[in-house]
Amino acid sequence: MKVFARLLGVLFLLFTALPGHAATRDSQAPSALPAPTPGRLTVYFLDVGQGDAALIVSPTGKTVLIDGGPPEAGTRLAARLRELVNQPLDLVILTHPHLDHLGGLPAALKAVGAKRFMDPGFDHPSEAYRALLDFVGREVGQVMTPEPNAAAPQTLLTVGLGEGVSLTMLWPRMPQEPFLANTRSDANANSIVAKLTYAKTSFLFTGDSEPPTEEALLQKPLDLTATVLKVAHHGGKHSSTAAFLDRVAPQAAVISCGVGNDYGHPSPEVMGRLRDVHARTFRTDQDGEVMAVSDGSTVTLRSSKGAESTVSVSGAQHAGSPVALGPIESTPDRRSGRAVEKPPEPGGASKKSKTAPSAPAPTSTSEETGQNFVSLKGSKVFHRESCSTLKRSKNERTVYTRRADAQRERRPAEDCHP
């Protein structure tokens with residue numbers, strides 16, 4: 001009997017030591033972060049390896065996905081979104097057309113769908129980007145850029161997410177201002193930079209923005225302070241300048257990067273600058289997925305790799321105050337010191353634009369407006385012929401010479417208001 005008992009003990013130890021055994025797997029794997037907290041603003045900085053992806057869930061359940069990580073993260077991203085999102089995403093934002101930000105988006109969009117898609121409108125020769133635009137043109141109802149309202153060109157585009165939560169696009173501002181040019185990476189420099197605000201708390205999303213982007217923002221009358229900063233360019237040394245971090249004054253910072261990546265991200269220089277502003281820093285390569293929950297006064301952050309990584313920080317945003325502290329003037333040309341484009345003077349052209357019709361009359365024809373109306377194959381909307389969405393897509397298209405004909409089969413796109 002003793003021999004038999006010992007044999008059973010050995011078999012039990014061998015069985016529980018197998019790699020696939022549930023007890024061993026559960027003790028080693030981190031527990032998944034919970035679903036969004038009802039009535040709270042929840043932001044997930046998703047672990048997609050060497051890339052970026054963040055999911056915003058507002059207190060009312062509105063959802064925004066910012067970037068989708070590299071192609072190899074697509075399956076994992078799609079599975080995670082199915083766990084967190086019960087309906088099509090309200091908005092998907094591609095900050096810029098690089099593969100480590102767009103590669104996982106096709107899988108994500110196929111998994112949960114989306115109502116709107118936004119990107120900077122910056123032209124890029126990438127085949128993956130072209131393929132994504134074609135896919136978006138077929139599957140997403142509205143395609144847009146962060147262009148300010150034409151009737152108020154000195155303002156910023158803001159997307160309301162309910163319960164006082166808003167997402168404001170700080171950069172770029174085409175066509176009111178031209179894209180930054182002759183930078184180290186123009187695609188990076190023209191990343192969408194957006195600020196999410198909820199009462200006294202705020203989040204700043206910076207894509208892969210470059211020092212010229214930060215310089216342009218610092219020159220504007222903007223409230224750049226943020227409770228939580230999504231660090232630009234995976235913590236690369238060329239971004240997150242000391243002047244920019246001083247202005248943002250983040251209490252917490254999240255760096256999205258891959259384990260043992262080839263770029264050495266995050267750089268020691270950026271880590272040092274974050275320490276200088278006393279920001280509590282999370283890294284997806286070490287902390288895994290990071291979840292931030294705001295009640296409007298405090299943001300509580302926790303990582304998927306243990307409760308010891310939980311931290312709460314107090315918001316300093318002036319509740320109810322606008323992100324723009326004044327009219328947004330054009331960015332001065334860094335080479336000449338002159339403004340690259342002068343916006344309309346108050347009471348001048350801008351006043352006239354408020355009373356001008358924003359769209360042609362329903363019976364307008366191409367002869368009257370000087371342009372046709374175009375719909376991409378499989379799309380539910382139609383655009384002006386000059387719309388930047390059409391210029392960035394190689395999809396087959398249907399051309400209408402009369403707006404009334406287009407409207408009988410499609411609805412007007414909200415990005416160009418045909």
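Everything numeric in this text was worked out from a predicted model, so none of it was measured.
In this structure, Thr225 contributes its side chain and Ala249 its backbone to no donor-acceptor pair below 3.5 Å.
Here the straight-line distance linking atom CG of Asp285 with atom NE2 of His234 works out to 12.0 Å at 0.5 Å rounding. In this structure, His96 NE2 and Asn188 CG are separated by 4.5 Å, a value rounded to the nearest 0.5 Å. From Leu41, atom CG reaches atom OG of Ser294 across 5.5 Å, with rounding to the nearest 0.5 Å. Note: Ser330 OG to Glu177 CD = 4.5 Å, rounded to the nearest 0.5 Å. Expressed to the nearest 0.5 Å, how far CH2 of Trp171 lies from OG of Ser209 amounts to 11.5 Å. A distance of 9.0 Å separates CG in Leu55 from OG1 in Thr42, rounded to the nearest 0.5 Å.
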request  = Kindly indicate, with the supporting measurements, whether the criterion side-chain contact (heavy atoms from CB on, under 4.5 Å) is fulfilled by Ile56 and Thr63.
outcome  = CA-CA 5 Å; Ile56 299 167; Thr63 53; over 6 Å; no
ask   = side-chain contact (heavy atoms from CB on, under 4.5 Å) between Thr281 and Arg275: does it pass, once the steps are laid out?
value = CA-CA 8 Å; Thr281 303; Arg275 285 193 295 270; over 6 Å; no
message = Working note: His318 + Asp223, criterion side chain to side chain donor-acceptor pair (under 3.5 Å); need CA distance, chi angles, decisive distance, verdict.
response = CA-CA 10 Å; His318 294 294; Asp223 180 4; over 6 Å; no
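Across all non-hydrogen atoms, the minimal contact from Thr284 to Phe45 is CG2-O, 4.3 Å. In terms of heavy-atom proximity, Pro250 sits nearest to Leu229 at CB-CB, 3.8 Å. Here the closest heavy-atom approach between residue Tyr198 and residue Asp295 is recorded as CE2-C, 3.7 Å. Closest approach of Leu325 to Pro322, counting heavy atoms only: CD2-O, 3.7 Å.
Using a 4.5 Å heavy-atom threshold, the side chains of Val248 and Leu204 count as touching. At a threshold of 4.5 Å between non-hydrogen side-chain atoms, the residues Asp246 and Phe244 do not count as touching. Counting heavy atoms from C-beta on, the side chains of Pro175 and Glu147 come closer than 4.5 Å. Within the 4.5 Å cutoff, the side chain of Asn190 has no heavy atoms near those of the Thr213 side chain. At least one side-chain heavy atom of Pro146 sits less than 4.5 Å from a side-chain heavy atom of Pro172.
Other residues, nucleotides and ligands contribute more than 12 heavy atoms inside 6.0 Å of the NZ atom of Lys220. Other residues, nucleotides and ligands contribute over 12 non-hydrogen atoms within 6.0 Å of the CG atom of Asn149.
The closest side-chain donor-acceptor pair between Thr300 and Ser312 falls under 3.5 angstrom. If you check the side chains of Gln317 and Lys195, you find a donor sitting under 3.5 Å from an acceptor. When only modelled atom types and interatomic distance are considered, Thr95 and Ser191 share no side-chain donor-acceptor pair under 3.5 Å. In the model, Thr168 has a side-chain atom that pairs as donor or acceptor with a side-chain atom of Thr158 under 3.5 Å.
Using bins of under 30°, 30° to 60° and over 60° for the plane-to-plane angle, the ring pair Tyr129/His124 lands in the perpendicular bin.
Ion pair Lys115/Asp90 flagged as a salt bridge, since at least one NZ, NE, NH1 or NH2 atom sits closer than 4.0 Å to an Asp/Glu carboxylate oxygen.
Residues satisfying the salt bridge (charged side-chain N to carboxylate O under 4.0 Å, His left out) test with Glu214, not counting sequence neighbours, are none. Considering only residues two or more places apart in sequence or on other chains, Asn261 meets the side chain to side chain contact (heavy atoms under 4.5 Å, CB included) condition with Gln50, Cys257, Tyr263, His265. Remark: Pro34 pairs with Met291, Arg302 by the side chain to side chain contact (heavy atoms under 4.5 Å, CB included) rule, at least two apart or across chains.
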